[in-house]
Amino acid sequence: MVVTRFAPSPTGYLHIGGARTALFCWLLARHTGGTMILRIEDTDQKRNTPTATAQVIEDLRWLGIDWDEGPQVEGPNGPYFQSQRLDIYKKYTQQLLDKGKAYYCFDTPQELNEMRDSAQKEKRNFLYPRPEKFPDEADVEQARAEGRPVVIRCCMPNEEITVSDIVRGEVKFGAGEFSDFIIQKSDGYPTYHFACVVDDELMKVTHVIRGQEHLMNTPCHIALQRALDFGTPNYAHMSVTISEGGGKLSKRERGKALKKAIKEKPELDKDELASIGKVAIDELEKFLKGKAQIEQENITILAEHLGVHLPEINIVDFFQSGYLPEAMVNFISLLGWSTGDDREIMEIDELIKAFDVTRFAKTNSLFDRKKLLSFNTEHMKMVDKDVLVRHFKKYLAAVNSPMKDAEDGMLKTILTINEGTKTLEAVEQKSRFLFLVDDAIEYDEKAVKKVLLKGDGLAMLQIVRDRLGALEELTEQAIENMLRGLAEEKEVGLGKVAQPLRVAICGNTVSPPIFNSIELLGKETALKRIDITLSRFRNR
RNA sequence: GGUCCCAUCGUCUAGUCAGGUCUAGGACACCGGGUUUUCAACCCGGCAACAGGGGUUCGAAUCCCCUUGGGACUACCA
C-alpha cells in the first residue's frame with residue numbers, strides 16, 4: 001500500500017515548485033490506489049503566517065489535488081499540523097537523549113558563527129564539536145538560568161551512508177561529512193529534519209517525493225531513522241524547476257520584471273511612483289538599484305499602475321491570469337517527467353493512468369511560459385463546457401469583471417464563440433464590451449482612425465445601421481446573410497463592412513466573431529451603439 | 001572552500017540502465033506558405049541538438065576517465 005505525503009510549510013501561497021511536488025505525490029497515490037496525506041509543517045513560529053495554510057489548501061483544491069488524510073478531512077494518524085504534535089516529538093527526542101544518541105547544547109548564535117567562520121577560514125567543512133561528556137539535566141538547568149539557549153543535537157554516526165533514490169540511484173555520502181545537527185530548537189519546537197522523520201514513520205509514509213534540494217538532508221534523516229529504529233521510506237528526489245531568468249523560480253522574478261519595466265521608462269516620476277506604490281522614495285531608489293527588495297503587494301500595485309505584466313510564480317497568479325487548472329496540472333506534470341511515448345496534452349485521468357515514478361528526468365528544467373500558454377489553449381478547447389463555465393465564473397468573480405453576474409447560459413455561449421482563445425483572461429477582454437453600459441465604450445484611437453475615419457468607414461456604418469434596423473430578427477444567420485449580401489453588393493471584402501461595425505459596438509478591432517457578437521448584444525443595444533458612434537465621429 | 005547532483009535542438013523532452021534498427025523522434029517557440037470578418041484558432045512546410053577531449057569496442061548519444069559548464073546543500077528555514 002503506497003502512502004505519499006505533501007508537506008508544505010505555510011509561509012505563503014502555493015508556488016509552482018510546491019504544486020509540482022504535490023502533484024507527483026498525488027499522482028503516485030492515485031495511480032497506485034494508495035493514500036495521499038497533506039501535512040502542514042508549521043514548526044517555524046517566525047515564518048508561518050496565519051492565512052497561509054488556507055491559501056495553500058485553496059490552491060491545491062483549485063488544481064484538483066485532494067488528500068485522504070490531513071486538514072479538513074482528518075484521518076487516523078493526526079493531528080496533521082506539526083505544531084499540534086509537540087508532545088510526540090518530545091517523546092522521541094527523550095528517547096534519543098536516553099540512548100545517548102542526542103545531547104543538549106547551549107551555544108549562542110554568536111559562538112556558533114565564530115566556529116563556522118574559523119572553519120571557513122581554514123577551508124574545511126564545519127562539524128559541530130561533539131563534547132566528550134554530554135550535558136545532564138543539571139547543566140540544562142544552569143544554562144537556562146544563565147539565559148543561554150538550550151537545543152538538542154543528534155549524533156551523526158561516523159559511517160558512510162547510502163541514499164537509495166528512485167531518480168538518482170545509489171548516492172553515497174562519506175563518513176564524517178555530516179555535522180551533529182539540531183533536532184530541537186531553543187523554543188522547544190522540533191526542526192524540520194526531526195519532525196519530518198518522526199511523522200513519516202508514524203503516518204506510515206512509504207514514498208517521499210521531494211525536490212533535489214533535500215537530497216543532502218537525506219543522510220541525516222536516515223541516520224535519525226536508524227537511531228530511532230524506524231524504517232526508511234522510498235525516496236525520489238526530483239530535479240529542480242528554474243525560471244527563465246535562470247536561478248530558482250521565485251518571488252524575486254516579479255521584482256526583477258518591475259525593475260526592468262521602470263528602467264525602460266526613464267521619464268517616469270519616481271516620487272509619484274513611490275506614492276502610488278506606497279513605498280518610501282528612498283526605498284524605491286534602493287530597489288531600483290538592486291540594493292533592496294520591496295513588498296510583493298507594492299510590486300503588484302506598481303505593476304498594475306504601469307500596466308506591466310508580472311511573471312506568475314504562485315498558483316493563484318496563474319488563476320488570476322486566466323489559466324485553467326487542467327492545463328496547469330498537465331504542464332507541471334511534464335516538468336521533469338514524461339510518459340516515454342509522445343503524449344503531452346493529457347487529461348487528468350490519462351495522467352494518473354500513465355504515471356510512473358521511475359520516469360523522472362534527472363536534469364533541471366526551465367519553466368517555459370510560452371509552452372504553458374499553448375497547453376492552456378489546448379485545454380480551453382478540450383475541457384467540458386460546463387466545467388469551463390465554472391472556471392470562468394470563478395475567474396470573473398476573482399478579477400471583479402463586469403461579466404461576473406452573467407448567467408451560465410450566456411457565459412457558455414461566450415466561451416463557445418471564443419473557441420481558440422488562449423486564456424480566460426483573453427475571453428474576458430474580448431467579450432466584456434457586451435456587458436458595459438452603451439456609452440461606457442472606450443474607443444481605441446487607432447481603431448477609429450483606421451476603420452472609421454479613413455475611407456468611407458462611417459458611410460458604410462450608416463448603411464449597416466439601416467439594414468440592421470430593417471432586420472426583423474437578429475439571428476446570427478440573418479446578420480451574416482445581411483452583411484455578406486452587403487459586401488457583395490458593394491463589391492468589397494467582408495472586412496470593409498464588418499470592421500466599422502465592430503469598432504462601433506466594442507470600440508476596437510478585436511472581438512468575438514461579429515455575427516455572434518451582434519446577436520448577443522441584441523438589436524436595440526447594437527443600434528444604439530452604432531448611433532452613438534456615428535454621432536460622435538461624424539463631424540471629425 | 002567542502003559535499004552532492006546534472007549535461008541531447010532556443011526551451012521541455014524521447015533515446016542512455018540491457019552499445020548497432022539514431023542519416024537522433026515528438027512538443028513549444030521561431031521562420032515560410034495556406035485559410036480567414038478582427039484577434040485568435042486551424043492546416044502544410046522549414047530551421048534546429050548528442051558540451052569538449054581522451055579511452056573501451058568491429059561499432060558509442062548510450063560504457064569509463066578528465067576538462068568545462070550548470071544546479072543544490074553547507075541555519076535554532078523548511
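Order of the sequence lines sets the chain letters (A, B, ...), proteins ahead of strands, with each chain counted from 1. Values in this document were obtained by computation on a predicted structure and should not be read as measured data.
- Atoms CZ (A:R124) and P (B:U3) sit 14 Å apart, rounded to a whole Å.
- Only the C1' atoms considered, B:C4 is 22 Å distant from B:C63, to the nearest whole Å.
- A donor-acceptor pair shorter than 3.5 Å cannot be found between the side chains of A:E114 and A:Q110.
- B:C42 atom P lies 10 Å from atom CD1 of A:I345, rounded to whole Å.
- Side chains of A:H379 and A:E347: no donor on one and acceptor on the other come within 3.5 Å.
- Side-chain contact, A:Q462 with A:D466: a donor N or O sits under 3.5 Å from an acceptor N or O.
- Here the separation of B:G15 from B:C42, taken at their C1' atoms, is 31 Å to the nearest Å.
- Protein atom NZ of A:K46 is 9 Å distant from nucleotide atom C1' of B:C77, rounded to whole Å.
- Among the protein residues, A:R210 comes within range of no part of the nucleic acid, since none of its heavy atoms lies under 4.0 Å from any strand.
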Check nucleotides 27-34 of chain B against the protein and report each pair of N or O atoms closer than 3.5 Å, with its distance, or say if there are none.
unit_1: B:A27; atom_1: O4'; unit_2: A:E344; atom_2: OE1; d: 3.4
unit_1: B:A27; atom_1: O2'; unit_2: A:E344; atom_2: OE1; d: 2.5
unit_1: B:A27; atom_1: O2'; unit_2: A:K371; atom_2: NZ; d: 3.4
unit_1: B:A27; atom_1: N3; unit_2: A:K371; atom_2: NZ; d: 2.9
unit_1: B:C28; atom_1: O2'; unit_2: A:K371; atom_2: N; d: 3.4

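- For the pair A:M460 CE and B:U37 P, the computed distance is 15 Å after rounding to whole Å.
- Comparing A:V510 and A:E41, the nucleotide of RNA chain B nearest to each residue sits closer to the 5' end for A:V510.
- No hydrogens or angles considered: nothing links the side chains of A:Y192 and A:D44 as a donor-acceptor pair under 3.5 Å.
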